[in-house]
Amino acid sequence: MVYTRSLARFAIVALVALPLFANAATVDELRAQAAELLARIAALQQQLGGKAAVTTTSSVSACPQLGKSLKRGSTGEDVRRLQQFLATDPNIYPEAQITGYYGALTEAAVQRWQVKFNIVSSGTPETTGYGVVGPRTAAILALQCAGATSPAVTPGTPTVGGFIQVTPIAGNAPLSVAVQATVNTVNSCNGAAYTLDYGDGTVPSQIVVPAGNCQQMTQTLGHSYPYGGTYQITLAAGAHRTSATVTVYGAPAVVPTPTPTPTPTPTPTPTPEPKGSISAFVTSGVAPLNTTFYVSCVGGAAFNIVFGDGQDLGSANVAKTSCGGLQAVSHTYTAAGTYQAQLIIFVQQTDGTITPKSLGSVSITVTSAAGSGGGGGGGAQGPMTITPGIGGDPFAVSAQFDAVSCTSYSLNWGDGTAATTGNCSSASTGLTRTHTYALSGTYTITLTRGAQTDTASISISN
């Protein structure tokens, strides 16, 4: 009896060791080959002598005799046998309902069984067959069921083990490698399903060791790496893992780089063009001369007046003032002379810096309180006054002055022409002398009356 059982088990192992579905081209051919294989297994099981060959709680009659694909909605004896087989493992089919109808509970049990034996672990019945008993699942299920009569495993004995050899382990892309996988190195009779992952995201290969095959198996598989990189090939079954590293030289797979959204460059806010003016009603007089300046400015952070006598708003203890509207600023000139009072506006640039800009000036003439004449007596003589634009001609100017405390006077127009001269007398008051300049420019007019000299600066422009 022992001899007969050994021959039968050897025959089963010999059958399952054949290339499964190697020459099948269609689904119908796969189903036919699966049915033929199941029938041959059943025939060999019958040679064991019926119940005398059964040593576990599973019987040959409980093994599903599958000849077609089963999925949710299927009914009949094939479904009932499938449910009986799954119910032998409470972890797979805890509900253990033997109804002959393939419902949600049966589908979930099939999924657990497929995960346990590394057949498929994700997807849907339509895409990957997850939860469907197709030809591959049916064949492995039949092998596991047929191996239920294998000798019990001693507690603590490992049921899976293996290793891989890869040739070559380095080279230029594209690189083809041969992976020799040796499985069941522990000589377990329980059977197992091993997964060979190539580490590049492609579909892993499955190596099935049928139950009852108590010897190690060796299988060689080929794989090609089209891109450069470092890849880890892993052989796994249950908690067992073994791996090897393959280095491929060459360009890695191109991953499209998303085009960054350009950040719009902010348009700088233009700096407003500053505008301003300065004027005074009293522009000449005897020292000390108090003059009020009238200032208007826009587009500036602040303004300052440089009085021309060595003082400005700050040194005269008058704070620099913000632009805006018409403002009055008073100043006293204490010494005789001709001064240019300038308006300075401070403009803030886009980079935060502040720069000054001159936007106008006023000429102020200050004379001494008393003067003396050379041989013509003495007495006060008023300051010289300059009037531009005589008769609407921008090049024509006039000078008004007194010539009473002197012998003679000389009026130099500052453009290189001959000076205007005359004699002084007690009646020489309110004299007016005119001159026309040939060119635009800034000129200094000098009036000499005995020991008294007055000057005035004037700008001529068309």
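Atoms considered below: every heavy atom in the structure, side chains included; atoms not considered: hydrogens, waters and symmetry mates.
- Judged as a salt bridge (charged side-chain N to carboxylate O under 4.0 Å, His left out), the pairs with a partner in residues 341-360 (not counting sequence neighbours) are, in order, E273-K357.
- Side-chain polar atoms of T292 and S330 form a donor-acceptor pair below 3.5 angstrom.
- For the residue pair D200 / H223, a side-chain donor-acceptor distance below 3.5 Å is found, with atom types taken as modelled.
- Once rounded to the nearest 0.5 Å, the distance linking OG of S361 with CG of L343 reads 9.5 Å.
- When ring centroids are compared, F346 and F303 stay outside the 6.0 Å threshold.
- Residues I445 and I386 have side chains in contact (heavy-atom distance under 4.5 Å, counting atoms from C-beta outward).
- Relative orientation of the W113 and F85 rings is perpendicular, given thresholds of 30° and 60° on the angle between their planes.
- In this structure, the side chain of T128 engages the main chain of S122 through a donor-acceptor pair within 3.5 Å.
- Rounding to the nearest 0.5 Å gives a distance of 4.5 Å between OG of S363 and CD of Q340.
- Taking 4.5 Å as the limit, some side-chain heavy atom of T106 sits within range of a side-chain heavy atom of Y93.
- Nearest heavy atoms, P168 versus L175: CG-CD1, 3.9 Å.
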- request: Step by step, work out the side-chain contact (heavy atoms from CB on, under 4.5 Å) result for Y198 and V177.
  value: CA-CA 10 Å; Y198 300 101; V177 299; 5.9 Å; no

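- Environment of OH in Y227: sparse, with no more than 12 heavy atoms of neighbouring residues, nucleotides or ligands closer than 6.0 Å.
- Nearest heavy-atom pair, I345 versus C297, reported as atom, atom and distance to 0.1 Å: CD1-CB, 3.3 Å.
- By the 4.5 Å heavy-atom criterion applied to side chains, V110 and L86 are counted as neighbours.
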query: So D89 and K116, salt bridge (Lys or Arg N to Asp or Glu O under 4.0 Å) or not? Walk me through it.
result: CA-CA 12 Å; D89 188 343; K116 178 179 179 180; 3.2 Å; yes

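- Put simply, the side chain of Q83 gets close to the backbone of G100: a donor and an acceptor are under 3.5 Å apart.
- Ring centroids of Y339 and F307 are separated by 6.0 Å or more, keeping the two rings apart.
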- request: Go through the steps for D309 and H331 under the test side chain to side chain donor-acceptor pair (under 3.5 Å), then give the verdict.
  value: CA-CA 10 Å; D309 60 352; H331 182 67; 2.8 Å; yes

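- When atom types are taken as modelled, the side chain of N184 and the backbone of G191 share no donor-acceptor pair closer than 3.5 angstrom.
- For I169, the CD1 atom counts as loosely surrounded, since its 6.0 Å shell holds 12 or fewer non-hydrogen atoms of other residues, nucleotides or ligands.
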message: Checking T355 against Q349 for the side chain to side chain donor-acceptor pair (under 3.5 Å) test, could you report, in this order, the C-alpha distance in whole Å, the side-chain angles of both residues, the deciding distance, and whether it holds?
response: CA-CA 8 Å; T355 58; Q349 307 299 320; 2.9 Å; yes

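- In this structure the side chain of E107 reaches within 4.5 angstrom of the side chain of P125, judged on heavy atoms.
- Residue L235 is tested with D197, T195, V160, I164 for a side chain to side chain contact (heavy atoms under 4.5 Å, CB included); the sole match is I164.
- I305 is not listed as a side-chain neighbour of D312, based on a closest heavy-atom distance of 4.5 Å or more.
- Contact between S69 and V132 at its shortest, heavy atoms only, is OG-CG1, 3.5 Å.
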- request: Show your reasoning for whether side-chain contact (heavy atoms from CB on, under 4.5 Å) applies to T182 and Q219.
  value: CA-CA 7 Å; T182 302; Q219 186 172 349; over 6 Å; no

- request: Just do the side-chain contact (heavy atoms from CB on, under 4.5 Å) check on Y333 and I364 with the steps written out, would you?
  value: CA-CA 9 Å; Y333 292 92; I364 304 297; 3.8 Å; yes

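- Residues I207 and L221 are in side-chain contact: their nearest non-hydrogen atoms beyond the backbone lie under 4.5 Å apart.
- Put simply, the side chain of L82 reaches to within 4.5 Å of the side chain of L70, judged on heavy atoms.
- Between the OG1 atom in T436 and the CH2 atom in W413 there is a gap of 9.0 Å [rounded to 0.5 Å].
- Note that the CD1 atom of I233 and the CD atom of Q165 stand 12.5 Å from one another [nearest 0.5 Å].
- Between the side chain of R112 and the main chain of I92, a donor-acceptor pair closer than 3.5 Å is present.
- Within 6.0 Å of the CD atom in Q215, the count of heavy atoms belonging to other residues, nucleotides or ligands does not exceed 12.
- Not a single donor-acceptor pair under 3.5 Å links the side chain of Q232 to the backbone N or O of A244.
- The CZ atom of F395 sits 8.0 Å away from the CD1 atom of I460 when rounded to the nearest 0.5 Å.
- Residues S459 and T442 have side chains that bring a donor and an acceptor to within less than 3.5 angstrom of each other.
- Using a 4.5 Å cut-off on side-chain heavy atoms (C-beta onward), L196 and V179 make contact.
- Centroid-to-centroid, the aromatic rings of Y437 and Y443 come within less than 6.0 Å.
- Among all heavy-atom pairs drawn from Q111 and G131, the shortest one is CG-CA, 3.4 Å.
- For S121 and Q114, the side-chain atoms include no donor-acceptor pair closer than 3.5 Å.
- Under the 30°/60° scheme for interplanar angles, the aromatic rings of F281 and Y294 are found to stand perpendicular.
- Here N213 contributes atom CG and C189 contributes atom SG; the two are 8.0 Å apart, rounded to the nearest 0.5 Å.
- The shortest non-hydrogen separation linking V362 to S279 is CG2-CA, 3.8 Å.
- Residues V183 and V209 share a closest heavy-atom pair of CG2-CG2, 3.5 Å.
- Looking only at distances, no side-chain donor or acceptor of Y101 sits under 3.5 Å from a matching main-chain atom of I98.
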field: Test side-chain contact (heavy atoms from CB on, under 4.5 Å) applied to T291 and T332, step by step
entry: CA-CA 6 Å; T291 300; T332 300; over 6 Å; no

